[in-house]
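To find a chain, count down the sequence lines: A is the first, B the second, and so on, and within it residues start at 1.
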Number of protein chains: 2
Amino acid sequence: MESSFAIIAEPNRRSILSLLASSECSVGELERQLRMPQTSVSKHLRVLRDAGFVEARVEAQRRVYRLRPEPLMEVDAWLTPFRRFWTAHVDALERHLDQMDLPPKKGKKR
Amino acid sequence: MESSFAIIAEPNRRSILSLLASSECSVGELERQLRMPQTSVSKHLRVLRDAGFVEARVEAQRRVYRLRPEPLMEVDAWLTPFRRFWTAHVDALERHLDQMDLPPKKGKKR
DNA sequence: AGTTTATATGACTTGACGGGAATATGAATC
DNA sequence: GATTCATATTCCCGTCAAGTCATATAAACT
């Protein structure tokens, strides 16, 4: 359970994170929107919290969870060396489109 | 039916992908650089190939593996809704501007 | 042909993870 | 203070994946 990658390997956890990307949620709200048992939501939230993906604030009986950016930034950073593999493709696609489309005003520095 | 996220949850597979990001490799080269048993490397490559992360070309007795961009692009796309969480805080981080420098064939980057 | 080199596959074991039910904790309301 | 609501934790179980060992395939070399 150590790496951030293992954490987001779980589909339900990714769903939780996606919901929290829109707005912070209580456990009950997550439970209803994802239609999964509360005990499951709580356990996944525990994992996410231990890994630093989310943090909770106590509000009366509720716990309101919100996102923390660091672990996903780490994933994003890991992707960096790979991006050149598809930016190359995008460039090729751009060149191709330039032949049929209007010349774009955006920066094409070469 | 493994998701791309589950594939890169495995540390050894991430190591393989990182090596292939520098240059294509044969199984033996991966085996030596990662210092893991050949049978393990082959099995991870099998998983990576089935998931579309890599493809192999046959070169005599060797299989030379190289990266395929699509699955990692998918991961990158999933991160999109989350990026505002750190681009908002870390101002003007140029991670999405062209980080395209010349890819070195050997030697250390970074 | 037989041997070495390079890679893949199959069988087996082991350990980790997720789901579910039951239970526990704890705050709020009566 | 007992009950209800909201969330967390514990225990058991089934599954699945990774590591290891042995073996299989196939090309290259003698």
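For the pair A:N12 and A:L34, the minimum side-chain heavy-atom distance is 4.5 Å or more. Side-chain contact between A:R62 and A:V27 is absent, with no heavy atoms from C-beta onward closer than 4.5 Å. Counting only heavy atoms from C-beta outward, the side chains of B:V47 and B:F53 never approach each other to under 4.5 Å. In this structure, the side chains of A:W78 and B:S18 come closer than 4.5 Å at one or more pairs of heavy atoms. Counting only heavy atoms from C-beta outward, the side chains of B:P69 and A:R83 never approach each other to under 4.5 Å. A 4.5 Å side-chain heavy-atom check between A:F5 and B:V75 finds every atom pair outside the cut-off.
Distance alone, capped at 3.5 Å, places no donor-acceptor pair between the B:E10 side chain and the B:I7 backbone. When atom types are taken as modelled, the side chain of A:R84 and the backbone of B:A21 share a donor-acceptor pair closer than 3.5 angstrom.
A pairwise comparison of heavy atoms in A:G52 and A:R68 identifies O-NE, 3.1 Å as the closest pair.
OP1 or OP2 of C:dT9 sits under 4.0 Å from a side-chain N or O of B:R46.
Near DNA chain C, meaning a heavy atom under 4.0 Å away, the residues from residues 59-66 of chain A are A:A60, A:Q61. Looking at residues 25-41 of chain B, you'll see B:S26, B:V27, B:G28, B:Q38, B:T39 sit with a heavy atom under 4.0 Å from some atom of DNA chain C. Of the residues in residues 4-14 of chain B, those placing a heavy atom less than 4.0 Å from an atom of DNA chain D are B:E10, B:N12, B:R13, in numerical order.
A 4.0 Å heavy-atom criterion places the boundary nucleotides of DNA chain D facing chain A at D:dA6 to D:dC11, written 5' to 3'.
Residues in residues 38-57 of chain A take part in these side-chain hydrogen bond (donor to acceptor under 3.5 Å, both in side chains) pairs, two or more places apart or across chains: A:R13-A:H44, A:E24-A:R57, A:Q38-A:S42, A:R46-A:D50, A:E55-A:R66, A:R57-A:E59.
When the C1' atom of C:dT9 is taken as reference, atom CG of B:L45 falls 14 Å away, rounded to whole Å.
Shown here are the side-chain contact (heavy atoms from CB on, under 4.5 Å) partners of A:L20, two or more places apart in sequence or in another chain: A:I16, A:C25, A:L30, A:V54, A:Y65, A:L67.
Taking the six-membered ring where the residue is Trp, the centroids of A:W86 and A:F82 are separated by 6.0 Å or more.
Put simply, CD on A:Q61 and CZ on A:R63 are 9.5 Å apart, with the number rounded to the nearest 0.5 Å.
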